[in-house]
Structure formats: C-alpha cells, structure tokens
Colleague: 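Structure below; questions to follow.
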Protein chains: 2
Amino acid sequence: MINVLRQHITNRLGDDIQNLDQVLLAFKPIKAKRNEHLLRQGDTCKYVYFIAKGCLQVYVYDNDFNESTRDIVTEDNWCSDLLSFGSGNPSSENIRAVEPCELFAVDRENFQKMTETIPQFDKVYKQILEASYANSVYRINTLVSLTALERIKWLMEYRPTLMTRLSSKLIASYLGIHKDVYSRLKAKL
Amino acid sequence: MINVLRQHITNRLGDDIQNLDQVLLAFKPIKAKRNEHLLRQGDTCKYVYFIAKGCLQVYVYDNDFNESTRDIVTEDNWCSDLLSFGSGNPSSENIRAVEPCELFAVDRENFQKMTETIPQFDKVYKQILEASYANSVYRINTLVSLTALERIKWLMEYRPTLMTRLSSKLIASYLGIHKDVYSRLKAKL
DNA sequence: CTAAAACGTAGACTTTTATCATCGTTCACG
DNA sequence: CGTGAACGATGATAAAAGTCTACGTTTTAG
C-alpha cells in the first residue's frame, strides 16, 4: 500500500529522487474505521495524512451544532489542517473518516526536518499547498457566485463520483445547503 | 516606497538575508488608478503583486454578470491569481484596484528563478502560499457555516476597517449577498 | 460648476432556502 | 436474524434572501 504513496510522489517529481525510501520511512501506516475521528476541534493537528484508500471529511460546527463541511478528500490526495499542523495551535476543524481508510501519516517533527533537509520533499510540500489552495479558490468562487441548484450542477459536472459514493447528508453539508433542500432540488434535475 | 516591501520581507525572515537587494530589483513599481484592472479573466496572470498602498479586489462573474468577490487584499499583503500565474493558463478571475494603489510586481520568470536560486525567497513564496491558503480556509468555513447576518457580524469583528473603507456594494459581494440585503441587515444591528 | 452616473436606503413583492413533522426504507449492531 | 437508529423523500409552513422600483445623496467626469 505504501507504493500508492511512492507512486504519488514519483509521478510528481520524476523517479530520480534521492532519499525517497528515507522519506517513505517517516510515514506511519494507519487504518481508520468508518466514522473514526482523526482530529477534533480544540486539539492540535499532529499529522499530515496521505490517503491511499478511503475518504475523509473536514468540517466545522455552525451555531446550531450542524456540521458544515469545508472539504471532502479522497484517495491519492493529502489531508490535514495545515494551519494547526504548521503552527501547533489548536484546530477549529474536525477530520473524520467517512469510509474505512488506509492512510499514511507524517508528524510535524519529521515533516519539518524533511522540508529543511530534503529539497525534493520541500517540493512535495509546496505541491500539497498549491493543490490545497487551488481547490480552496475554486470552492470559494462557487460558494459566493452560485445558487444552491447551481452548486449541485457544479458538483455533478466536476466531482460526479462523490455524489454516488457519499451520503446525501454529507454532500448537502459540503454544498452549504440543508439536506432537505438538497433532496428536493436533486429531484428536479 | 520599496522599503515597505523590504520591511515586509525582513519582518518575516529576519534581517540577515543575503541577496535581498537582488530580490528587490526584480520588483517593478506600479501605480494603479482607482478601478484600473490588473487582470481580466481569460488572460494569463503575469505578475504577483505586493501591495504597498491601496486595495485590490479579486472577483469572478456569476451567471447574471454580477461580480462575486473572492478576496479583498489590502496593503502589506500579496495578491495574484497564483493558479494562473504558476501554470500559465488563462485566469478565470479579475483583479481590480478599488483604490489608487502603489504596487510592486514580479513576473513569472524572475519569480521562478528566485525561488530556485535564492532559498530565502523560496521561503517567502511558501509564506505567501500559506497565508493565502489560511485565508481561504477561514473564508470557506464562514461561507458554508454562517448566515448572511452572521457573516456581517464576522466581518465587523475580524476585518472592521474594511467596512468603513470600502463601498457597501463591494462588501456585500465579498460576503456573497446582494447589496440590498446587506443594506437592510446592516441597519438591524 | 454642472450634468450624468453611481451609490445607499427603503418598501413591496417573489423566489429560494430553512425548518419541522411524517413515513417508508435502509443500515448497523447486538 | 431482528430491532432501533439513521437515512432519504415529501408536504406544509416559516424565515431568509433576492428582485424590482423609486428616490435622495454622493461621486465622477467633462
């Protein structure tokens, strides 16, 4: 399974990477059960996770204790609260496995050491950041410029597999609408 | 005015930076008039801007050709469409000066050369990315978890100067609500 | 300086979204 | 297995947000 991570990195940096085995050793394999939490708000985010298999939800609670999903991350991607991870400050977010997951986790100490000593790993970090940022930018633009119905259509076009793979409740919370509304609008397509 | 940029960098990296003068030379001073565009959707974003003075709006158009503001960036911060800038692909965003601005612009060629050859500048780039990303994460969480009224209160608390400094129209578009709604809700506080 | 344009507020009204309750269905777990 | 909890759909209703018009004020540009 670690080969999924190896492949991910070589795909991005080419296969002439020194220290790749050393990098891979810093990652701990972790299995997360469905609904298991990897991070709770108030705790410091101690790891960056690479998802080899499964799906993670990053969410916050609104004033009425409903979940609002900032991001849904699937296999072959990275997931963390990078802000808390980088600063050591308590996180305001929660991360939960919405499917049984196979993950690789790297802690802050190893992560920082590698970004400082292994230039290739530093590039990986920048790519994680850039990809996360790109994703965020698109998401903000959809949230501020589209209606609920348009956001549903957007998801169908750009991340169609999510809609069949995940519960309606989760999709609705990702789109920033209520599950009842999602159910009705979806029926009208 | 270039000293604002010099100060910004030394504040973050300490003042023992080699090549700082070389770095600063790569930045072109630019004055932008109120309402002048620095980027139009469809064009490639050629520069990263440092704002020494003034305020920039990053926005997209929705289906009805209304502006939806992804971000508002003020002095002592960086602004760009990093996705288009990094990839060279056409941007889907627009950037406009909402006040007369004094900017420092660095183009892609110089930027990439510096990230590769000057480790200190690479750190600056990572900090720009991290700050932009952190900002985006907060923004997504407010957009998915707060009502219009709550978002107004949020802005009053965390970016109060924006509310007095900018037009209601712009603030409303930043909050993802219509100007009429913003006007009414504001009156009810 | 002045006319035109843009802006901010307000009222009336429509549409969209949220809330609440209900009811089969599905799913998880003992 | 069976049973209790979670889920998804739907109707009725309430609340929130959007739309349109109007009007006085401010800003802009010639």
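Residue numbering restarts at 1 for every chain, and letters A, B, ... go by the order of the sequence lines.
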Colleague: State which residues pass side-chain contact (heavy atoms from CB on, under 4.5 Å) with A/N110; sequence neighbours excluded, sorted by chain then number.
Modeller: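 Per chain and number, A/N110 pairs via side-chain contact (heavy atoms from CB on, under 4.5 Å) with A/A26, A/V106, A/D107.
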
Colleague: Answer yes or no: does a side-chain N or O of A/K179 lie under 4.0 Å from OP1 or OP2 of C/dT19?
Modeller: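 A/K179 to C/dT19 OP1/OP2: no side-chain N or O under 4.0 Å.
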
Colleague: Using the benzene-type ring in the case of Trp, are the ring centres of A/Y47 and A/F111 under 6.0 Å apart?
Modeller: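 A/Y47 vs A/F111: aromatic centres not under 6.0 Å.
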
Colleague: Can A/S84 and A/N89 be counted as having a side-chain donor-acceptor contact under 3.5 angstrom?
Modeller: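 Not at all, the side chains of A/S84 and A/N89 share no donor-acceptor pair under 3.5 Å.
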
Colleague: Would you say the side chains of B/S91 and B/D81 form a donor-acceptor pair under 3.5 Å?
Modeller: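 Yes.
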
Colleague: Please report, rounded to the nearest Å, how far the P atom of D/dG18 is from the CG atom of A/L149.
Modeller: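 Going from CG in A/L149 over to P in D/dG18 covers 15 Å.
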
Colleague: Using Watson-Crick or G-U wobble pairs with both distances under 3.5 Å, give me DNA chain C in dot-bracket, 5' to 3', with [ ] for crossers and | for pairs to another strand.
Modeller: ||||||||||||||||||||||||||||||

Colleague: What I want to check is whether the side chains of B/Q7 and B/D76 have a donor and an acceptor closer together than 3.5 Å.
Modeller: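 Checked: B/Q7/B/D76 side chains show no N/O donor-acceptor pair below 3.5 Å.
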
Colleague: Could you tell me if B/R159 and B/Y174 have a donor-acceptor pair between their side chains, going purely by distance under 3.5 Å?
Modeller: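 There is such a pair (donor and acceptor under 3.5 Å, judged by atom type) between the side chains of B/Y174 and B/R159.
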
Colleague: In this structure, how many angstroms lie between the P atom of C/dT15 and the CG atom of B/D64, rounded?
Modeller: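 To the nearest whole Å, that distance equals 15 Å.
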
Colleague: Checking ring-ring contact (aromatic ring centres under 6.0 Å, His included) between A/W78 and each of A/F85, A/F104, A/F50, A/Y49, which is the one that passes?
Modeller: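 By the ring-ring contact (aromatic ring centres under 6.0 Å, His included) criterion, A/W78 pairs with just one of A/F85, A/F104, A/F50, A/Y49: A/F50.
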
Colleague: If you check the A/T147 side chain, which of C/dT9, C/dT17, D/dA17 turns out closest?
Modeller: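 Within the option list, the nearest is C/dT17.
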
Colleague: Starting at atom CG of A/L146, determine the distance to atom C1' of D/dG18, rounded to an integer number of angstrom.
Modeller: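 These atoms are roughly 16 Å apart.
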
Colleague: Could you list all N or O pairs between the protein and nucleotides 20-23 of chain D that sit under 3.5 Å apart?
Modeller:
unit_1: D/dC20; atom_1: N4; unit_2: B/D180; atom_2: OD2; d: 2.5

Colleague: Using 30° and 60° as the class boundaries, would you call the ring planes of A/Y59 and A/Y61 parallel, tilted or perpendicular?
Modeller: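 Perpendicular, since the angle between the ring planes exceeds 60°.
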
Colleague: Provide, to the nearest angstrom, the distance between the CG atom belonging to B/D62 and the C1' atom belonging to D/dT19.
Modeller: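 Those two atoms, CG and C1', are 13 Å apart.
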
Colleague: Report yes if some heavy atom in the side chain of A/V137 is under 4.5 Å from a heavy atom in the side chain of B/R70; otherwise report no.
Modeller: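 With C-beta onward as the side chain, the pair touches.
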
Colleague: Within residues 160-178 of chain B, which residues have any heavy atom lying less than 4.0 Å from an atom of DNA chain C?
Modeller: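 Here the set is B/S167, B/S168, B/K169.
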
Colleague: How about A/T69 and A/Q57: does a side-chain donor come under 3.5 Å of a side-chain acceptor?
Modeller: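 Result is yes, a qualifying pair exists.
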
Colleague: Please list each protein N or O that sits under 3.5 Å from an N or O in nucleotides 27-29 of chain D, with the distance.
Modeller:
unit_1: D/dT28; atom_1: OP1; unit_2: B/R34; atom_2: NE; d: 3.1
unit_1: D/dT28; atom_1: OP1; unit_2: B/R34; atom_2: NH2; d: 3.2

Colleague: Consider only side-chain N and O atoms of B/N19 and B/Q120, and report whether a donor and an acceptor are under 3.5 Å apart.
Modeller: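 Side-chain D/A pair, B/N19 to B/Q120: absent.
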
Colleague: Starting from C1' on C/dT17, measure out to OH on A/Y182 and report it in whole angstrom.
Modeller: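 So the OH-C1' distance, A/Y182 to C/dT17, works out to 16 Å.
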
Colleague: Could you tell me the separation between the CG atom of B/N66 and the C1' atom of C/dC7, rounded to a whole number of Å?
Modeller: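 Taking CG of B/N66 and C1' of C/dC7, I get 16 Å after rounding.
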
Colleague: If Ile, Leu, Val, Met, Phe, Trp and Tyr residues are connected whenever their side-chain heavy atoms lie under 4.5 Å apart, and connections chain through other members, are A/L129 and B/M114 in the same group?
Modeller: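 Linked, A/L129 and B/M114 end up in one cluster.
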
Colleague: Please state how far atom CG in A/N63 lies from atom P in D/dA15, giving the value in whole angstrom units.
Modeller: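 After rounding, the gap between these two atoms is 18 Å.
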
Colleague: Expressed in angstrom and rounded to an integer, what is the separation of A/E150 atom CD from C/dT15 atom P?
Modeller: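 Those two atoms, CD and P, are 16 Å apart.
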
Colleague: Going by side chain to side chain donor-acceptor pair (under 3.5 Å), name the pairs with one or both residues in residues 179-189 of chain A, residues two or more places apart or in two chains.
Modeller: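 Pairs touching residues 179-189 of chain A that pass the test: A/S168-A/K186.
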
Colleague: Does a side-chain heavy-atom distance below 4.5 Å link A/E75 with A/H8?
Modeller: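 No, side chains not in contact.
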
